[in-house]
Every structure is written in C-alpha cells, then in structure tokens.
Amino acid sequence: MATDNLAHHFDSYEQQRESASLGVWIFLVTEIMFFGGLFTAYILYRSKYPEAFIAGSHQLDVTLGTVNTAVLIFSSLTMAMAVRSAQLGKNKAIVGFLVATIVLGSAFLGIKATEYHHKWAEHLIPGPNFHLEQTHLPTYQGKPVSAGLPTGIVGDSPADVALPAPARSDIQAHAQLFFFLYFGMTGLHAFHMIIGVGLLAWLIVPSLRGRFDANNHNYVEGIGLYWHFVDIVWIFLFPLLYLVGRHG
Amino acid sequence: MSSSTHVLPLRVYLFVFFSLLGLTAVTVAVAFLDLGPFNNVVALGIAVLKATLVILFFMHVRYATRLTGLVVASGVFWLLIMVGLTLADYATRGWLGVAGR
C-alpha cells in the first residue's frame with residue numbers, strides 16, 4: 001500500500017514533509033503579496049471615495065455573501081478532514097472529504113456566478129453601460145445629486161457636458177472603481193478556487209490507489225494549505241466588499 | 001520514528017469550524033450597528049482573528065517548525081511594510097511644495 005518514496009536528499013520523512021510545507025508556504029507568501037496589492041488599491045480608493053464605496057457595497061447581496069462565506073468555511077473543514085484522513089492513512093475517507101470539498105467549492109462558485117449575473121442584469125459591470133441605480137445620497141462630495149439625469153462618465157455624451165449637477169456623474173465614476181475592485185478581487189479569488197477544485201479532483205486518483213499514509217501525504221497537505229489560503233482571502237474580501245457602511 | 005505526524009483530534013477542527021461560523025455571524029451583525037470608525041476596526045479585527053484560527057489550526061502552523069512560523073510571520077510583516085509605505089506616500093502627498101513649481 002504505502003510506497004517507499006523518501007527522496008534520497010532527505011534524512012527522514014519528517015524532514016521531507018516539513019520541506020514540502022515550507023515550500024508551499026513560500027509560494028503562499030508570494031500570493032499574499034499578489035492579493036496585497038489589490039487590497040492596497042482598495043484601501044486607497046475607499047479612503048478617497050468613501051461614499052461611493054458605501055453606495056457600491058449596498059448593491060451587493062449580504063445574504064448570498066454570508067451564505068458563501070459559510071460554504072467556504074465548511075469546505076475548509078472538509079479539506080482539513082481530508083488532510084487528517086491522509087495523516088491516518090484512511091484513503092477512502094480522503095476521497096469522501098475531497099469530493100465534499102469539491103462540491104462545496106463548486107457551490108461557492110455557482111453562487112458567485114449567480115451574483116455576477118445579477119450585477120450584469122443591473123448594469124453594474126464597469127464600462128459604458130454602467131449605471132448605479134440609486135441614490136439615497138442627497139449630496140455627493142458636497143455637491144447636490146439630482147436624480148433622473150443622464151448617466152455615464154463625465155464627458156461621455158453631450159448630455160453629460162450639460163449636467164447641472166456634476167456630483168451625479170462623479171458618483172457613477174467613483175462607484176465604478178468599487179466595482180472594478182469587486183470584480184477584480186472576487187474574480188481572481190474565484191480563479192484560484194477553480195484551480196483549487198482542479199487540484200482536488202486530481203488528488204482523487206492517488207487517494208483511490210491508496211497512496212497516502214502517515215509518512216506520505218505531502219500532496220494532500222500542500223493542496224490543503226492552498227485551499228485554506230484561498231479561504232483566508234475570502235475572509236477578508238467578504239467584510240471589505242459586502243459590509244461597507246451597512247448601518248443607517 | 002519517521003511517522004511523527006501530529007494528528008489533531010477531531011474536536012479541534014470542529015471547534016475552529018464553529019468559531020469561524022460564529023465570528024462570521026458576529027461580523028455581519030456588527031456591520032448593521034453604527035459604531036462610527038470602529039465598524040472598520042471590528043470588521044478587520046474579526047477577519048484577522050478568523051485568518052489566525054485558519055492559519056494556526058487548519059494549516060497546522062501552530063504545530064509546524066519554527067522556520068515555517070517565521071516564514072508566515074515575515075510574509076505578513078512584509079505585506080504590512082509594503083502597504084504602510086504605499087499609504088505613507090499617498091497620505092503625505094502635497095505636504096511639501098515641489099521646488100520650481
């Protein structure tokens with residue numbers, strides 16, 4: 001069952017396992033930097049246009065976001081259980097937990113796709129057709145917001161040039177920044193999840209062959225670390241995108 | 001000798017799982033209260049707490065070697081340096097006049 005696969009340059013299985021986790025962690029640190037740049041952009045623009053970010057955040061569905069957070073946390077539990085089963089050499093249990101994790105991960109992606117579709121239907125994709133249906137704000141950046149006027153980025157159409165209340169176009173432009181970041185960050189996160197689901201599916205094969213035991217479970221552990229990292233990214237994305245200025 | 005893998009008991013994973021769900025509920029509930037600037041503090045504090053739970057237990061860093069812990073900590077520390085320097089730049093632009101303008 002268990003194959004002797006201690007690489008010749010390691011003294012022990014323990015050292016081999018530690019090296020594998022350390023390597024994955026080095027990769028994850030580069031991922032922290034990668035997402036960190038986006039979070040920095042978020043901080044900068046949110047501090048510059050706080051009202052537009054609140055208006056944008058109000059367009060997101062808190063219920064779906066919360067459900068998705070729970071689904072992803074649940075998937076992290078099943079992933080952790082898959083790793084634990086691998087440590088115990090219970091290969092059949094690994095397969096079960098991997099399938100559960102794949103199902104939960106796919107459920108997350110399905111809910112995310114539904115949300116994207118809603119945003120598409122509500123004209124909240126940044127671009128010429130962007131239109132934030134609102135606004136509960138009487139003023140924006142000290143300027144009055146008049147309702148019922150043509151929308152779009154300032155200067156897009158002759159009508160905009162004649163806008164008596166530039167605030168209305170400003171909030172449209174600045175809310176687009178929020179949605180740029182929303183789609184950019186959640187899109188990259190979803191992309192990571194798609195890769196993760198692929199890796200988990202690939203793990204099923206060696207698990208079915210009974211490859212993993214207390215000594216050899218580096219693949220399960222490594223992919224598990226990656227999966228949990230993606231969960232952590234969402235743990236930060238959820239309050240920053242969905243819960244901005246929800247009170248009042 | 002070589003099979004010294006640290007297998008955590010089930011209850012640890014379940015405890016972390018339910019803590020994460022509970023903290024998610026708290027963060028949503030608190031978002032609907034007006035705490036002024038503390039809304040952000042609470043939201044980020046809870047997110048950091050959740051991330052710490054995942055890192056320490058689901059990702060086994062609490063039981064890993066010190067080297068792994070050092071890599072994780074320095075990664076986070078380096079991120080704070082990068083973000084801090086960037087924000088320091090944006091926050092202080094215009095404090096000093098540009099010579100010749």
Side-chain angles (χ1 to χ4, degrees), chain A residues 6 12-18 21-22 25-26 28-33 35-37 39-40 43-44 47-48 62 65-66 69-70 73-74 76-77 79-81 83-84 86-88 213-215 217 221 224-225 227-229 231-233 235-240 242-248, chain B residues 1-10 12-14 16-21 23-25 27-28 30-36 39-40 42-44 46-55 57-61 64-65 67-69 71-72 74-76 78-80 82-83 86-87 90-91:
Chain A
L6 177 64
S12 65
Y13 281 108
E14 190 178 5
Q15 191 190 35
Q16 180 168 269
R17 281 199 309 274
E18 282 164 5
S21 322
L22 184 64
W25 266 111
I26 299 277
L28 292 183
V29 168
T30 70
E31 291 270 79
I32 292 175
M33 297 305 142
F35 278 100
F39 280 106
T40 310
I43 297 169
L44 281 174
S47 57
K48 199 163 182 181
V62 177
T66 309
T69 306
I73 289 171
F74 195 17
S76 254
L77 175 70
M79 185 70 238
M81 293 309 298
V83 175
R84 187 175 183 274
Q87 290 171 337
L88 296 169
D213 60 28
N215 286 329
H217 52 264
E221 169 80 14
L225 287 175
W227 190 264
H228 295 310
F229 169 80
D231 186 17
I232 290 174
V233 172
I235 283 173
F236 283 96
L237 284 180
F238 171 61
L240 290 180
Y242 287 77
L243 301 177
V244 184
R246 281 286 169 179
H247 52 81
Chain B
M1 277 301 285
S2 54
S3 58
S4 61
T5 305
H6 196 107
V7 182
L8 296 179
L10 264 180
V12 172
Y13 290 114
L14 291 176
V16 171
F17 170 65
F18 286 112
S19 305
L20 291 173
L21 285 186
L23 287 168
T24 304
T27 200
V28 173
V30 170
F32 287 91
L33 305 174
D34 190 357
L35 304 179
N39 273 110
N40 293 330
V42 173
L44 277 180
I46 291 177
V48 168
L49 184 58
K50 286 166 77 179
T52 309
L53 281 173
V54 173
I55 290 171
F57 298 101
F58 281 180
M59 300 171 92
H60 306 141
V61 169
T65 58
L67 179 60
T68 305
V71 166
V72 178
S74 47
V76 175
W78 184 250
L79 175 71
L80 293 179
M82 301 296 275
V83 175
T86 308
L87 295 184
Y90 278 91

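Chain identifiers are assigned alphabetically (A, B, ...) following the order of the sequence lines, protein sequences preceding nucleic acid strands; residue numbering begins at 1 within each chain. Both backbone and side-chain heavy atoms feed into the values below; hydrogens, waters and symmetry mates do not.
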For chain A, find which of [options] contributes the most heavy-atom pairs closer than 4.5 angstrom.
options	result
I46(B), V28(B), L14(B)	V28(B)
L35(B), V30(B), N40(B)	N40(B)
L44(B), L87(B), L33(B)	L33(B)

Between [options], which residue shows the highest count of heavy-atom pairs closer than 4.5 Å to chain B?
options	value
T69(A), L77(A), D231(A)	L77(A)
L44(A), L28(A), T30(A), I26(A)	L44(A)
Y242(A), F74(A), F238(A)	F74(A)
G224(A), G36(A), S76(A), P239(A)	S76(A)
L22(A), L240(A), V29(A), V244(A)	L22(A)

Original post:
Could you walk me through whether I73(A) and V54(B) pass the side chain to side chain contact (heavy atoms under 4.5 Å, CB included) check?
Top reply: CA-CA 9 Å; I73(A) 289 171; V54(B) 173; over 6 Å; no
Original post:
From M79(A) CE over to Y13(B) OH, what is the distance, rounded to the nearest 0.5 angstrom?
Top reply: 10.5 Å
Is [X] in contact with chain A via its backbone, its side chain, both, or neither, using a 4.5 Å heavy-atom distance?
X	answer
T86(B)	side chain
T65(B)	side chain
L20(B)	both

**OP:** Step through the shown structure and confirm whether more than 12 heavy atoms of other residues, nucleotides or ligands are within 6.0 Å of CZ on F17(B).
**Re:** yes
**OP:** For the pair W78(B) and M33(A), evaluate side chain to side chain contact (heavy atoms under 4.5 Å, CB included) and give the outcome as yes or no after the intermediate values.
**Re:** CA-CA 8 Å; W78(B) 184 250; M33(A) 297 305 142; 3.4 Å; yes
How far apart are the closest heavy atoms of [X] and [Y], and which atoms are they?
X	Y	answer
K50(B)	I235(A)	CB-CG2, 3.8 Å
L243(A)	A31(B)	CB-CB, 3.8 Å
A51(B)	I232(A)	CB-CG2, 3.8 Å
V7(B)	L88(A)	CG1-CD2, 3.9 Å

Under a 4.5 Å cut-off applied to non-hydrogen side-chain atoms, are [X] and [Y] in contact?
X	Y	answer
N39(B)	H247(A)	yes
V12(B)	R84(A)	no
M81(A)	L10(B)	yes
F39(A)	L79(B)	no
W25(A)	V61(B)	yes

Original post:
For E221(A), is it the side chain, the backbone, both, or neither that has a heavy atom closer than 4.5 Å to a heavy atom of chain B?
Top reply: side chain
Subject >> Pair V83(A)-H60(B), side chain to side chain contact (heavy atoms under 4.5 Å, CB included): steps then yes or no >> reply: CA-CA 10 Å; V83(A) 175; H60(B) 306 141; 3.7 Å; yes
**OP:** Quick one: list whatever passes side-chain contact (heavy atoms from CB on, under 4.5 Å) with T52(B), sequence neighbours left out.
**Re:** V48(B), L56(B)
**OP:** Can you sort out the partners of S19(B) under side-chain contact (heavy atoms from CB on, under 4.5 Å), two or more places apart, ordered by chain and number?
**Re:** F15(B), L53(B)
